[in-house]
Amino acid sequence: MLLYLDNCCFNRPFDDQSQLRISLETQAKLFIQQEIVSGRFLLLWSYVLEYENSKNPFETHRYSILGWKDVAVKSIVESDDIISFGEKLMERGVKLYDALHVSCAFAGGCDVFLTVDKLLLNKRIDEIRVCNPIDFVRDLED
């Protein structure tokens, strides 16, 4: 199964863990990453992840996340199709970077797009399964 984790998902372990929801999302995300390393799941990287991560003001966070580029089975580069689909998502109310992340995941053939962004999770995106890490792990049990 090919997965795409957006930037907010990669950054979740660096957020305030005193909130239960954030702590649970972190644990689910770390479990998913462990399963990627073990080979159970595959990871897709993108130029959007690279760009957005480069803007992270925390050097240790930036390098920690960038290391996942080497784990990914492939990396998506910008294309007219990605931009076009991203624009269509923006017309549906999806923010710019979120739209480009989703578009990259879709273009890369991902099975699941993982995010902790509540606004994005509440958007209707039929082209790809958009899921919170907690829900993804819970669905593995079914």
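Keep in mind that the numbers below use all heavy atoms, side chains included, and drop hydrogens, waters and symmetry copies. The structure presented is a predicted model; accordingly, all values stated were derived computationally and were not measured.
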Does [X] share a hydrophobic cluster with [Y], counting links as ILVMFWY side-chain heavy atoms below 4.5 Å and allowing steps through other members?
| X | Y | answer |
| --- | --- | --- |
| Leu119 | Val48 | no |
| Val73 | Val37 | yes |
| Leu2 | Val112 | yes |
| Leu49 | Val77 | no |
| Ile125 | Val116 | no |

pair [X]-[Y]: side-chain heavy atoms closer than 4.5 Å:
| X | Y | result |
| --- | --- | --- |
| Asp135 | Leu121 | no |
| Trp68 | Leu43 | yes |
| Val94 | Leu120 | yes |
| Glu50 | Leu66 | yes |

Distance check, rounded to the nearest 0.5 Å: [X] atom [atom1] versus [Y] atom [atom2]?
| X | Y | atom1 | atom2 | value |
| --- | --- | --- | --- | --- |
| Gln34 | Ser38 | CD | OG | 7.0 Å |
| Trp45 | Cys104 | CH2 | SG | 11.5 Å |
| Met1 | Leu140 | CE | CG | 6.5 Å |
| Leu89 | Ile128 | CG | CD1 | 10.0 Å |
| Leu114 | Gln33 | CG | CD | 10.5 Å |
| Ile65 | Asn53 | CD1 | CG | 4.5 Å |

Exercise. Sequence neighbours excluded, which residues qualify as side chain to side chain contact (heavy atoms under 4.5 Å, CB included) partners of Met90?
Worked result: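 For Met90 the side chain to side chain contact (heavy atoms under 4.5 Å, CB included) partners, ignoring immediate neighbours, are Leu96, Ala99.
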For this session: Might you point out which heavy atoms bring Tyr47 and Ile82 nearest each other, and give the distance in Å?
Result: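 Taking Tyr47 first and Ile82 second, the nearest heavy atoms are OH-CG2, 3.8 Å.
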Exercise. Quick one: side chain to side chain donor-acceptor pair (under 3.5 Å) pairs with a partner in residues 105-125, sequence neighbours left out?
Worked result: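 Residue pairs with at least one partner in residues 105-125: Asp6-Thr115, Arg124-Asp126.
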For this session: Under the side-chain contact (heavy atoms from CB on, under 4.5 Å) rule, what do Phe31 and Gln27 come out as? Steps first, then yes or no, please.
Result: CA-CA 6 Å; Phe31 171 80; Gln27 292 305 308; over 6 Å; no
Check whether any side-chain N or O of [X] sits under 3.5 Å from a backbone N or O of [Y] as a donor-acceptor pair, and report yes or no.
| X | Y | answer |
| --- | --- | --- |
| Lys74 | Gly108 | yes |
| Ser103 | Leu100 | no |
| Gln17 | Leu24 | no |
| Thr26 | Ile22 | yes |

Problem set entry | Donor + acceptor pair across side chains of Ser18, Asp16 (<3.5 Å) |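 Per modelled atom types, Ser18 and Asp16 side chains form a pair under 3.5 Å.
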For this session: Please find out if less than 6.0 Å separates the ring center of Phe136 from that of Phe113.
Result: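 No, the ring of Phe136 stays outside the 6.0 Å limit from the ring of Phe113, centre to centre.
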Exercise. Is the shortest distance from a Lys or Arg side-chain nitrogen in Lys95 or Glu52 to a carboxylate oxygen in the other one below 4.0 Å?
Worked result: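 Judged by the 4.0 Å cut-off on N to carboxylate O distance, Lys95 and Glu52 do not form a salt bridge.
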Exercise. Are the charged groups of Glu25 and Arg21 less than 4.0 angstrom apart, N to O?
Worked result: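 Arg21 and Glu25: salt-bridged.
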Problem set entry | Derivation and outcome, side-chain contact (heavy atoms from CB on, under 4.5 Å), residues Ile36 and Leu42 | CA-CA 6 Å; Ile36 290 168; Leu42 302 173; over 6 Å; no
Exercise. Who passes ring pair (Phe, Tyr, Trp, His ring centres under 6.0 Å) against Phe58, sequence neighbours left out?
Worked result: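 If we apply the ring pair (Phe, Tyr, Trp, His ring centres under 6.0 Å) test to Phe58, skipping adjacent residues, the hits are His61.
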Exercise. Under the side-chain contact (heavy atoms from CB on, under 4.5 Å) criterion, do Tyr4 and Cys9 qualify, and how do the steps go?
Worked result: CA-CA 10 Å; Tyr4 187 102; Cys9 196; over 6 Å; no
Exercise. Step by step, would you call Leu44 with Leu3 a side-chain contact (heavy atoms from CB on, under 4.5 Å)?
Worked result: CA-CA 6 Å; Leu44 178 71; Leu3 307 178; over 6 Å; no
For this session: For atom CZ of Phe14, decide whether the heavy atoms of other residues, nucleotides or ligands shown that lie under 6.0 angstrom number more than 12.
Result: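 Yes, CZ of Phe14 has more than 12 neighbouring heavy atoms, counting only those of other groups under 6.0 Å.
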